[in-house]
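Side chains are part of it too, since the values below use all heavy atoms of this structure and drop only hydrogens, waters and symmetry mates. All figures in this text were calculated on a predicted structure; none of them were measured in a lab.
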Amino acid sequence: MSSQDLQARVKALEEELNRLKAHLRGGEIDSGVSSAISTSTKDIKPQEVDENSLRKKKRGADKPFDFSAHPHRHVALRLAYLGWHYQGFAVQENTDNTVEARLFEALLKTKLIQERQTSNYHRCGRTDKGVSAFSQVISIDLRSSQFGGGLGVTLPTVAEHKAKDTADELPYVKILNRVLPPDIRILQWAPVETGFSARFDCQSRTYRYYFPRGDLDVKLMAEAAKRYEGTHDFRNLCKMDVGNGVLQFQRTIISANVQPAQIDPNGSSDSHQLYVFQVKGLAFLYHQVRCMMALLLLIGQKLESPEIIDQLMDVDTNPRKPQYSMAVDYPLVLYDCHFEGVNWRNETEEEKHIMNSLHQHWVQNAVKTQVLLGMIQGLQTTNRDTVPLQCWLMEGSRQKKYQALLERPRCESLESRIQHFVKRGRLEQEEGENGEETMVFRGKRSKQSHQTASISHEVKAEVSS
(Lines give C-alpha, C1' and ligand atoms only; values in the text may rest on other atoms or scores of the structure.)
Protein backbone atom coordinates (compact mmCIF):
# COMPACT_ATOMS: atom_id res chain seq x y z
CA MET A 1 0.00 0.00 0.00
CA SER A 2 1.40 3.44 -1.00
CA SER A 3 1.81 6.26 1.52
CA GLN A 4 -1.10 8.14 -0.02
CA ASP A 5 -3.38 5.12 0.26
CA LEU A 6 -2.25 4.63 3.85
CA GLN A 7 -2.98 8.26 4.79
CA ALA A 8 -6.40 8.02 3.17
CA ARG A 9 -7.14 4.84 5.11
CA VAL A 10 -6.13 6.44 8.45
CA LYS A 11 -8.29 9.48 7.73
CA ALA A 12 -11.29 7.26 6.93
CA LEU A 13 -10.84 5.35 10.19
CA GLU A 14 -10.64 8.58 12.17
CA GLU A 15 -13.87 9.79 10.60
CA GLU A 16 -15.57 6.45 11.38
CA LEU A 17 -14.34 6.68 14.96
CA ASN A 18 -15.72 10.18 15.41
CA ARG A 19 -19.06 9.09 13.95
CA LEU A 20 -19.30 6.20 16.40
CA LYS A 21 -18.43 8.46 19.34
CA ALA A 22 -21.24 10.82 18.32
CA HIS A 23 -23.74 7.96 18.23
CA LEU A 24 -22.59 6.69 21.62
CA ARG A 25 -22.99 10.14 23.19
CA GLY A 26 -26.56 10.21 21.88
CA GLY A 27 -27.33 6.82 23.57
CA GLU A 28 -27.54 4.96 20.28
CA ILE A 29 -25.58 1.95 19.19
CA ASP A 30 -25.03 1.81 15.51
CA SER A 31 -25.29 -1.45 13.66
CA GLY A 32 -21.64 -0.99 12.89
CA VAL A 33 -20.76 -1.34 16.57
CA SER A 34 -22.76 -4.56 16.78
CA SER A 35 -20.98 -5.75 13.70
CA ALA A 36 -17.63 -4.90 15.23
CA ILE A 37 -18.52 -6.67 18.45
CA SER A 38 -19.73 -9.78 16.65
CA THR A 39 -16.62 -9.74 14.51
CA SER A 40 -14.42 -9.63 17.60
CA THR A 41 -16.26 -12.53 19.24
CA LYS A 42 -15.71 -14.66 16.16
CA ASP A 43 -12.08 -14.82 17.12
CA ILE A 44 -13.07 -16.98 20.13
CA LYS A 45 -13.73 -20.50 18.99
CA PRO A 46 -16.77 -22.36 20.45
CA GLN A 47 -14.56 -25.37 21.11
CA GLU A 48 -12.37 -23.24 23.38
CA VAL A 49 -15.44 -22.05 25.34
CA ASP A 50 -16.68 -25.63 25.81
CA GLU A 51 -13.27 -26.83 26.89
CA ASN A 52 -12.94 -24.00 29.43
CA SER A 53 -16.37 -24.69 30.94
CA LEU A 54 -15.67 -28.42 31.05
CA ARG A 55 -12.40 -27.78 32.87
CA LYS A 56 -14.25 -25.68 35.45
CA LYS A 57 -16.94 -28.35 35.89
CA LYS A 58 -14.35 -31.06 36.18
CA ARG A 59 -12.44 -29.12 38.83
CA GLY A 60 -15.72 -28.76 40.81
CA ALA A 61 -16.59 -32.45 40.39
CA ASP A 62 -13.16 -33.58 41.50
CA LYS A 63 -13.41 -31.55 44.69
CA PRO A 64 -14.99 -33.82 47.35
CA PHE A 65 -17.73 -32.54 49.66
CA ASP A 66 -16.22 -31.71 53.03
CA PHE A 67 -18.58 -33.29 55.56
CA SER A 68 -16.17 -32.46 58.41
CA ALA A 69 -16.91 -28.74 57.95
CA HIS A 70 -20.63 -29.20 58.70
CA PRO A 71 -22.57 -30.11 61.85
CA HIS A 72 -24.66 -33.26 61.80
CA ARG A 73 -27.96 -33.82 63.54
CA HIS A 74 -29.65 -36.96 64.84
CA VAL A 75 -33.22 -36.87 63.50
CA ALA A 76 -36.24 -39.10 63.07
CA LEU A 77 -37.84 -39.24 59.62
CA ARG A 78 -41.44 -40.35 59.15
CA LEU A 79 -42.12 -41.74 55.68
CA ALA A 80 -44.93 -43.29 53.68
CA TYR A 81 -44.55 -45.62 50.72
CA LEU A 82 -46.58 -47.85 48.44
CA GLY A 83 -44.77 -51.16 48.67
CA TRP A 84 -46.61 -52.99 45.88
CA HIS A 85 -43.71 -52.80 43.41
CA TYR A 86 -40.87 -53.27 45.91
CA GLN A 87 -39.21 -56.38 47.33
CA GLY A 88 -39.75 -55.14 50.88
CA PHE A 89 -38.39 -52.24 52.90
CA ALA A 90 -34.95 -53.46 54.00
CA VAL A 91 -31.91 -53.65 51.71
CA GLN A 92 -31.24 -57.17 50.40
CA GLU A 93 -28.21 -58.83 48.85
CA ASN A 94 -30.04 -60.29 45.84
CA THR A 95 -31.92 -57.15 44.69
CA ASP A 96 -31.71 -53.36 44.84
CA ASN A 97 -35.47 -52.95 44.35
CA THR A 98 -36.24 -52.09 47.97
CA VAL A 99 -37.56 -48.96 49.63
CA GLU A 100 -34.47 -48.66 51.80
CA ALA A 101 -32.17 -48.82 48.76
CA ARG A 102 -34.07 -45.92 47.13
CA LEU A 103 -33.96 -44.00 50.40
CA PHE A 104 -30.18 -44.27 50.76
CA GLU A 105 -29.67 -43.35 47.12
CA ALA A 106 -31.52 -40.10 47.88
CA LEU A 107 -29.59 -39.47 51.10
CA LEU A 108 -26.25 -39.91 49.34
CA LYS A 109 -27.24 -37.89 46.27
CA THR A 110 -28.31 -34.91 48.39
CA LYS A 111 -25.12 -35.13 50.48
CA LEU A 112 -27.17 -35.45 53.68
CA ILE A 113 -25.00 -38.41 54.69
CA GLN A 114 -21.48 -39.46 53.74
CA GLU A 115 -22.15 -43.21 53.92
CA ARG A 116 -24.63 -45.58 55.50
CA GLN A 117 -22.08 -47.23 57.79
CA THR A 118 -21.38 -43.98 59.69
CA SER A 119 -24.92 -42.58 59.66
CA ASN A 120 -26.13 -44.09 62.99
CA TYR A 121 -29.13 -45.57 61.16
CA HIS A 122 -32.04 -47.50 62.71
CA ARG A 123 -35.44 -48.45 61.24
CA CYS A 124 -38.64 -48.97 63.21
CA GLY A 125 -40.04 -51.86 61.17
CA ARG A 126 -39.04 -54.23 58.40
CA THR A 127 -42.03 -54.61 56.08
CA ASP A 128 -42.17 -57.55 53.66
CA LYS A 129 -42.41 -57.63 49.88
CA GLY A 130 -45.56 -55.86 48.67
CA VAL A 131 -46.38 -54.30 52.07
CA SER A 132 -46.96 -50.52 52.28
CA ALA A 133 -46.52 -48.02 55.10
CA PHE A 134 -48.08 -44.75 56.15
CA SER A 135 -45.89 -44.21 59.18
CA GLN A 136 -42.56 -46.00 58.86
CA VAL A 137 -39.92 -44.24 60.99
CA ILE A 138 -36.14 -44.21 60.76
CA SER A 139 -33.51 -42.49 62.91
CA ILE A 140 -30.31 -41.22 61.31
CA ASP A 141 -27.56 -38.57 61.48
CA LEU A 142 -28.03 -35.95 58.73
CA ARG A 143 -25.96 -32.95 57.66
CA SER A 144 -27.21 -29.85 59.47
CA SER A 145 -26.98 -26.07 59.17
CA GLN A 146 -27.11 -25.51 62.94
CA PHE A 147 -23.63 -24.20 63.79
CA GLY A 148 -25.13 -22.79 66.98
CA GLY A 149 -26.03 -26.25 68.27
CA GLY A 150 -29.43 -27.65 69.25
CA LEU A 151 -31.22 -30.91 70.03
CA GLY A 152 -29.33 -33.81 68.45
CA VAL A 153 -26.70 -31.53 66.87
CA THR A 154 -23.01 -32.46 66.90
CA LEU A 155 -20.73 -29.58 65.89
CA PRO A 156 -17.62 -30.06 63.71
CA THR A 157 -14.29 -29.87 65.52
CA VAL A 158 -13.17 -26.91 63.41
CA ALA A 159 -15.82 -24.67 61.90
CA GLU A 160 -16.24 -21.13 60.66
CA HIS A 161 -19.48 -19.80 62.05
CA LYS A 162 -19.84 -16.81 59.70
CA ALA A 163 -23.13 -15.68 61.29
CA LYS A 164 -24.71 -19.10 60.63
CA ASP A 165 -25.83 -19.53 64.24
CA THR A 166 -29.37 -18.35 63.48
CA ALA A 167 -29.78 -20.12 60.15
CA ASP A 168 -32.91 -22.22 59.57
CA GLU A 169 -32.47 -25.97 59.56
CA LEU A 170 -32.20 -27.66 56.19
CA PRO A 171 -35.64 -28.51 54.71
CA TYR A 172 -35.11 -32.27 54.95
CA VAL A 173 -38.58 -33.20 53.69
CA LYS A 174 -38.35 -31.02 50.58
CA ILE A 175 -34.75 -32.02 49.80
CA LEU A 176 -35.46 -35.75 49.89
CA ASN A 177 -38.87 -35.71 48.19
CA ARG A 178 -37.36 -33.95 45.17
CA VAL A 179 -35.15 -36.97 44.43
CA LEU A 180 -37.18 -39.91 45.80
CA PRO A 181 -39.54 -41.94 43.57
CA PRO A 182 -43.16 -40.65 43.63
CA ASP A 183 -44.35 -43.72 45.58
CA ILE A 184 -41.97 -42.95 48.49
CA ARG A 185 -42.63 -39.73 50.44
CA ILE A 186 -41.02 -38.21 53.53
CA LEU A 187 -43.91 -36.82 55.63
CA GLN A 188 -42.25 -35.21 58.66
CA TRP A 189 -38.98 -34.96 60.54
CA ALA A 190 -38.10 -34.41 64.19
CA PRO A 191 -34.88 -33.55 66.06
CA VAL A 192 -34.14 -36.24 68.67
CA GLU A 193 -31.50 -37.05 71.26
CA THR A 194 -28.30 -38.61 69.91
CA GLY A 195 -29.10 -41.92 71.64
CA PHE A 196 -32.61 -42.19 70.15
CA SER A 197 -33.33 -45.37 68.15
CA ALA A 198 -36.34 -45.76 65.85
CA ARG A 199 -36.25 -49.48 66.55
CA PHE A 200 -35.78 -49.69 70.31
CA ASP A 201 -37.63 -46.51 71.39
CA CYS A 202 -40.87 -47.35 69.55
CA GLN A 203 -43.74 -47.72 72.05
CA SER A 204 -46.18 -49.51 69.74
CA ARG A 205 -46.81 -50.43 66.10
CA THR A 206 -50.19 -50.51 64.35
CA TYR A 207 -50.95 -52.51 61.20
CA ARG A 208 -54.02 -52.38 58.97
CA TYR A 209 -55.18 -55.09 56.57
CA TYR A 210 -57.92 -54.12 54.08
CA PHE A 211 -60.37 -56.66 52.60
CA PRO A 212 -63.78 -56.68 50.84
CA ARG A 213 -66.79 -57.90 52.79
CA GLY A 214 -67.84 -60.45 50.18
CA ASP A 215 -69.69 -63.34 51.81
CA LEU A 216 -67.54 -63.15 54.94
CA ASP A 217 -69.16 -63.11 58.37
CA VAL A 218 -67.47 -59.87 59.48
CA LYS A 219 -69.26 -59.87 62.85
CA LEU A 220 -67.82 -63.30 63.66
CA MET A 221 -64.38 -62.11 62.49
CA ALA A 222 -64.60 -59.08 64.80
CA GLU A 223 -65.44 -61.30 67.77
CA ALA A 224 -62.60 -63.69 66.91
CA ALA A 225 -60.06 -60.85 66.56
CA LYS A 226 -60.50 -59.99 70.25
CA ARG A 227 -58.94 -63.37 71.13
CA TYR A 228 -55.59 -62.04 69.90
CA GLU A 229 -55.46 -59.36 72.61
CA GLY A 230 -53.07 -59.93 75.50
CA THR A 231 -49.71 -61.67 75.74
CA HIS A 232 -49.53 -64.99 73.90
CA ASP A 233 -47.06 -67.34 72.23
CA PHE A 234 -47.48 -66.75 68.47
CA ARG A 235 -45.11 -69.43 67.15
CA ASN A 236 -48.03 -71.05 65.28
CA LEU A 237 -49.07 -67.70 63.78
CA CYS A 238 -45.81 -66.58 62.18
CA LYS A 239 -42.79 -67.80 60.27
CA MET A 240 -40.28 -68.96 62.87
CA ASP A 241 -37.13 -66.99 62.08
CA VAL A 242 -34.82 -69.14 64.22
CA GLY A 243 -31.97 -68.82 61.70
CA ASN A 244 -31.73 -65.10 62.54
CA GLY A 245 -31.72 -65.62 66.29
CA VAL A 246 -35.46 -65.27 67.06
CA LEU A 247 -36.04 -67.83 69.83
CA GLN A 248 -38.78 -66.18 71.89
CA PHE A 249 -42.28 -65.97 70.39
CA GLN A 250 -44.34 -64.30 73.10
CA ARG A 251 -45.76 -60.99 71.93
CA THR A 252 -48.26 -58.54 73.43
CA ILE A 253 -51.25 -57.35 71.40
CA ILE A 254 -52.78 -54.16 72.79
CA SER A 255 -55.88 -54.13 70.59
CA ALA A 256 -57.34 -56.01 67.61
CA ASN A 257 -60.59 -55.25 65.80
CA VAL A 258 -62.46 -55.62 62.50
CA GLN A 259 -64.57 -52.70 61.28
CA PRO A 260 -65.70 -50.98 58.06
CA ALA A 261 -62.95 -48.99 56.35
CA GLN A 262 -65.50 -46.17 55.93
CA ILE A 263 -68.70 -45.80 57.93
CA ASP A 264 -71.73 -46.10 55.66
CA PRO A 265 -74.62 -43.98 57.08
CA ASN A 266 -77.13 -46.08 55.11
CA GLY A 267 -75.94 -49.29 56.76
CA SER A 268 -75.30 -50.92 53.39
CA SER A 269 -74.34 -54.59 53.25
CA ASP A 270 -72.78 -54.40 49.78
CA SER A 271 -70.37 -57.30 49.22
CA HIS A 272 -67.87 -54.85 47.69
CA GLN A 273 -67.72 -52.72 50.84
CA LEU A 274 -64.20 -52.61 52.29
CA TYR A 275 -63.38 -53.61 55.87
CA VAL A 276 -60.15 -53.34 57.81
CA PHE A 277 -58.47 -55.56 60.40
CA GLN A 278 -56.47 -53.26 62.66
CA VAL A 279 -54.00 -54.67 65.18
CA LYS A 280 -51.81 -52.73 67.61
CA GLY A 281 -48.92 -54.35 69.45
CA LEU A 282 -45.59 -53.69 71.08
CA ALA A 283 -43.72 -55.68 68.41
CA PHE A 284 -44.48 -58.31 65.78
CA LEU A 285 -42.90 -61.51 64.47
CA TYR A 286 -42.02 -62.35 60.87
CA HIS A 287 -45.30 -62.69 58.85
CA GLN A 288 -47.32 -62.57 62.09
CA VAL A 289 -50.04 -60.14 60.93
CA ARG A 290 -50.57 -62.01 57.65
CA CYS A 291 -50.97 -65.31 59.54
CA MET A 292 -53.38 -63.67 62.00
CA MET A 293 -55.41 -62.36 59.06
CA ALA A 294 -55.39 -65.79 57.37
CA LEU A 295 -57.12 -67.31 60.40
CA LEU A 296 -59.71 -64.53 60.43
CA LEU A 297 -60.47 -65.13 56.74
CA LEU A 298 -60.98 -68.85 57.41
CA ILE A 299 -63.28 -67.98 60.32
CA GLY A 300 -65.18 -65.46 58.18
CA GLN A 301 -65.80 -68.20 55.58
CA LYS A 302 -67.06 -70.53 58.35
CA LEU A 303 -64.26 -73.00 57.53
CA GLU A 304 -62.89 -72.72 61.08
CA SER A 305 -64.45 -71.71 64.38
CA PRO A 306 -63.08 -68.76 66.45
CA GLU A 307 -61.75 -71.31 68.95
CA ILE A 308 -58.98 -72.22 66.46
CA ILE A 309 -57.13 -69.04 67.55
CA ASP A 310 -57.00 -70.17 71.20
CA GLN A 311 -56.00 -73.68 70.16
CA LEU A 312 -53.05 -72.49 68.05
CA MET A 313 -51.85 -70.13 70.79
CA ASP A 314 -51.87 -73.06 73.23
CA VAL A 315 -48.36 -74.29 72.36
CA ASP A 316 -48.39 -76.96 75.07
CA THR A 317 -51.25 -78.75 73.31
CA ASN A 318 -50.18 -77.74 69.78
CA PRO A 319 -46.38 -77.22 69.78
CA ARG A 320 -46.12 -77.57 65.98
CA LYS A 321 -47.72 -75.26 63.44
CA PRO A 322 -50.23 -76.78 60.96
CA GLN A 323 -49.34 -76.14 57.33
CA TYR A 324 -51.55 -73.32 56.02
CA SER A 325 -51.24 -70.40 53.62
CA MET A 326 -51.03 -66.87 54.95
CA ALA A 327 -52.93 -63.85 53.62
CA VAL A 328 -51.48 -62.06 50.57
CA ASP A 329 -49.20 -59.06 51.01
CA TYR A 330 -50.60 -56.04 49.13
CA PRO A 331 -53.54 -55.10 51.47
CA LEU A 332 -51.20 -54.78 54.49
CA VAL A 333 -50.06 -51.35 55.74
CA LEU A 334 -47.78 -50.38 58.61
CA TYR A 335 -50.13 -47.59 59.64
CA ASP A 336 -48.54 -46.10 62.75
CA CYS A 337 -45.38 -46.22 64.88
CA HIS A 338 -45.81 -44.43 68.20
CA PHE A 339 -43.01 -42.65 70.07
CA GLU A 340 -43.15 -40.69 73.32
CA GLY A 341 -41.78 -37.15 73.36
CA VAL A 342 -41.03 -36.83 69.63
CA ASN A 343 -42.11 -33.44 68.26
CA TRP A 344 -42.70 -33.89 64.55
CA ARG A 345 -42.10 -30.91 62.28
CA ASN A 346 -44.13 -30.21 59.17
CA GLU A 347 -42.96 -28.32 56.10
CA THR A 348 -46.20 -26.56 55.07
CA GLU A 349 -45.33 -26.03 51.43
CA GLU A 350 -44.21 -29.63 51.04
CA GLU A 351 -47.48 -30.96 52.52
CA LYS A 352 -49.30 -29.70 49.42
CA HIS A 353 -46.93 -31.59 47.13
CA ILE A 354 -47.38 -34.78 49.20
CA MET A 355 -51.18 -34.48 49.10
CA ASN A 356 -51.09 -33.90 45.34
CA SER A 357 -48.90 -36.97 44.88
CA LEU A 358 -51.22 -39.18 46.98
CA HIS A 359 -54.28 -37.78 45.19
CA GLN A 360 -52.72 -38.69 41.85
CA HIS A 361 -52.20 -42.29 42.99
CA TRP A 362 -55.73 -42.41 44.38
CA VAL A 363 -57.35 -41.09 41.19
CA GLN A 364 -55.54 -43.67 39.06
CA ASN A 365 -56.49 -46.60 41.28
CA ALA A 366 -60.03 -45.41 42.10
CA VAL A 367 -60.85 -45.05 38.41
CA LYS A 368 -59.47 -48.53 37.67
CA THR A 369 -61.55 -49.92 40.55
CA GLN A 370 -64.72 -48.30 39.19
CA VAL A 371 -64.01 -49.59 35.68
CA LEU A 372 -63.83 -53.15 37.02
CA LEU A 373 -66.88 -52.69 39.23
CA GLY A 374 -68.85 -51.36 36.26
CA MET A 375 -67.97 -54.50 34.29
CA ILE A 376 -69.04 -56.73 37.20
CA GLN A 377 -72.35 -54.89 37.58
CA GLY A 378 -72.89 -55.06 33.81
CA LEU A 379 -72.55 -58.84 33.90
CA GLN A 380 -74.86 -59.08 36.91
CA THR A 381 -77.67 -57.38 34.96
CA THR A 382 -77.46 -59.96 32.16
CA ASN A 383 -76.77 -63.03 34.32
CA ARG A 384 -79.63 -64.32 36.44
CA ASP A 385 -77.38 -66.60 38.50
CA THR A 386 -75.75 -64.64 41.33
CA VAL A 387 -72.01 -65.29 41.57
CA PRO A 388 -70.74 -64.64 45.12
CA LEU A 389 -67.57 -62.62 45.71
CA GLN A 390 -65.01 -65.23 46.70
CA CYS A 391 -62.12 -64.64 49.07
CA TRP A 392 -59.06 -64.04 46.88
CA LEU A 393 -56.73 -62.95 49.69
CA MET A 394 -55.08 -66.28 50.58
CA GLU A 395 -51.79 -67.32 49.04
CA GLY A 396 -51.60 -70.52 46.99
CA SER A 397 -54.31 -72.36 45.10
CA ARG A 398 -57.81 -72.92 46.46
CA GLN A 399 -58.57 -76.35 47.88
CA LYS A 400 -61.49 -78.23 46.33
CA LYS A 401 -62.18 -79.92 49.65
CA TYR A 402 -61.22 -78.00 52.77
CA GLN A 403 -59.13 -79.80 55.38
CA ALA A 404 -59.37 -78.54 58.97
CA LEU A 405 -56.18 -76.93 60.28
CA LEU A 406 -55.65 -79.30 63.19
CA GLU A 407 -55.96 -82.28 60.83
CA ARG A 408 -53.19 -81.09 58.51
CA PRO A 409 -49.48 -82.08 58.47
CA ARG A 410 -47.38 -80.08 60.93
CA CYS A 411 -44.23 -78.02 60.50
CA GLU A 412 -41.04 -78.65 62.45
CA SER A 413 -41.14 -77.89 66.16
CA LEU A 414 -39.22 -74.98 67.64
CA GLU A 415 -36.83 -77.39 69.38
CA SER A 416 -36.10 -79.16 66.09
CA ARG A 417 -35.39 -75.85 64.35
CA ILE A 418 -33.04 -74.80 67.14
CA GLN A 419 -31.06 -78.05 66.91
CA HIS A 420 -30.82 -77.62 63.13
CA PHE A 421 -29.10 -74.24 63.51
CA VAL A 422 -26.98 -75.43 66.42
CA LYS A 423 -25.50 -78.07 64.09
CA ARG A 424 -24.87 -75.38 61.46
CA GLY A 425 -23.05 -73.24 64.02
CA ARG A 426 -25.44 -70.30 63.91
CA LEU A 427 -26.69 -70.99 67.44
CA GLU A 428 -24.60 -72.03 70.43
CA GLN A 429 -25.51 -73.12 73.92
CA GLU A 430 -23.89 -71.17 76.74
CA GLU A 431 -24.27 -71.32 80.50
CA GLY A 432 -26.01 -68.25 81.90
CA GLU A 433 -25.36 -66.39 85.16
CA ASN A 434 -27.80 -68.62 87.09
CA GLY A 435 -26.35 -71.81 85.66
CA GLU A 436 -29.16 -72.10 83.10
CA GLU A 437 -28.34 -72.96 79.51
CA THR A 438 -29.13 -70.21 77.01
CA MET A 439 -28.92 -69.99 73.22
CA VAL A 440 -26.59 -67.41 71.69
CA PHE A 441 -26.96 -66.32 68.06
CA ARG A 442 -23.63 -66.41 66.18
CA GLY A 443 -24.88 -65.33 62.75
CA LYS A 444 -24.28 -66.90 59.37
CA ARG A 445 -21.09 -68.79 58.64
CA SER A 446 -19.33 -69.22 55.35
CA LYS A 447 -19.55 -72.55 53.54
CA GLN A 448 -15.92 -73.35 54.35
CA SER A 449 -16.32 -72.65 58.08
CA HIS A 450 -19.52 -74.75 58.11
CA GLN A 451 -17.64 -77.70 56.56
CA THR A 452 -14.83 -77.29 59.13
CA ALA A 453 -17.36 -77.27 61.97
CA SER A 454 -19.00 -80.43 60.59
CA ILE A 455 -15.63 -82.26 60.40
CA SER A 456 -14.78 -81.14 63.94
CA HIS A 457 -18.16 -82.42 65.17
CA GLU A 458 -17.58 -85.80 63.50
CA VAL A 459 -14.08 -86.11 65.04
CA LYS A 460 -15.46 -85.39 68.51
CA ALA A 461 -18.17 -88.00 68.02
CA GLU A 462 -15.58 -90.62 67.03
CA VAL A 463 -13.35 -89.80 70.03
CA SER A 464 -16.25 -89.97 72.49
CA SER A 465 -17.35 -93.33 71.09
Side-chain angles (χ1 to χ4, degrees), residues 87-95 98-101 116-117 119-129 131 136-140 195-205 207 231-253 281-292 312-313 315-316 318-321 323 326 329 332 334 337 410-454 456-457:
Q87 299 297 311
F89 179 77
V91 167
Q92 301 173 35
E93 294 179 358
N94 58 345
T95 179
T98 65
V99 176
E100 200 173 67
R116 173 172 176 159
Q117 290 75 9
S119 64
N120 192 17
Y121 170 73
H122 284 241
R123 56 175 172 254
C124 180
R126 181 185 177 120
T127 54
D128 302 332
K129 172 183 175 295
V131 178
Q136 173 71 278
V137 175
I138 67 167
S139 54
I140 194 168
F196 175 87
S197 167
R199 179 184 177 187
F200 297 109
D201 288 316
C202 182
Q203 302 296 309
S204 66
R205 297 162 175 86
Y207 283 88
T231 302
H232 307 282
D233 191 312
F234 286 92
R235 71 181 66 181
N236 290 329
L237 288 90
C238 72
K239 180 178 179 180
M240 290 195 297
D241 202 14
V242 177
N244 285 318
V246 180
L247 305 175
Q248 203 280 104
F249 294 89
Q250 276 199 345
R251 294 294 184 271
T252 299
I253 301 300
L282 304 183
F284 290 87
L285 296 158
Y286 191 20
H287 288 165
Q288 180 182 341
V289 179
R290 291 169 64 186
C291 287
M292 294 168 73
L312 291 182
M313 292 191 299
V315 296
D316 292 328
N318 293 291
R320 297 169 61 194
K321 176 186 176 182
Q323 295 178 4
M326 59 185 177
D329 48 31
L332 182 59
L334 174 57
C337 297
R410 304 294 179 109
C411 301
E412 279 187 289
S413 67
L414 174 60
E415 292 73 21
S416 176
R417 295 291 293 166
I418 289 174
Q419 289 305 313
H420 170 76
F421 287 105
V422 166
K423 291 178 180 178
R424 296 186 62 180
R426 288 170 63 174
L427 291 172
E428 291 183 6
Q429 285 184 335
E430 287 189 0
E431 188 173 320
E433 295 180 357
N434 300 325
E436 298 178 354
E437 286 190 345
T438 58
M439 285 294 170
V440 179
F441 178 59
R442 297 302 184 193
K444 296 181 180 180
R445 290 189 177 185
S446 65
K447 186 176 180 181
Q448 184 177 0
S449 63
H450 174 60
Q451 291 173 343
T452 304
S454 298
S456 174
H457 179 75

Sub-3.5 Å donor-acceptor pair from the side chain of [X] to the main-chain atoms of [Y], do we have one?
X: Q203; Y: D201; value: yes
X: Q419; Y: F421; value: no
X: N236; Y: N318; value: yes

Can you sort out the partners of [X] under side-chain hydrogen bond (donor to acceptor under 3.5 Å, both in side chains), two or more places apart, ordered by chain and number?
X: S413; value: none
X: R290; value: E395
X: S204; value: none
X: T127; value: Y81

Which residues satisfy the ring pair (Phe, Tyr, Trp, His ring centres under 6.0 Å) test with F249, sequence neighbours excluded?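 Counting only residues at least two positions away or on another chain, F249 forms no ring pair (Phe, Tyr, Trp, His ring centres under 6.0 Å).
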
Taking ring pair (Phe, Tyr, Trp, His ring centres under 6.0 Å) as the definition, give me every residue that meets it alongside Y121, ordered by chain and number, with sequence neighbours left out.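 Applying ring pair (Phe, Tyr, Trp, His ring centres under 6.0 Å) to Y121 gives F104.
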
List for me each residue that meets salt bridge (charged side-chain N to carboxylate O under 4.0 Å, His left out) alongside R235, sequence neighbours excluded, and say none if there are none.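 Listed in chain order: D233.
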
Mind checking salt bridge (charged side-chain N to carboxylate O under 4.0 Å, His left out) for R116 and listing every partner two or more places apart, or none if nothing turns up?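 Once residues adjacent in sequence are excluded, the partners of R116 under the salt bridge (charged side-chain N to carboxylate O under 4.0 Å, His left out) criterion are E100.
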
If the condition is side-chain contact (heavy atoms from CB on, under 4.5 Å), which residues does [X] pass it with, not counting sequence neighbours?
X: C411; result: K321, Q323
X: N120; result: H74, H122, D141
X: R126; result: A90, R123
X: T95; result: Q87, Q92, N97, T98

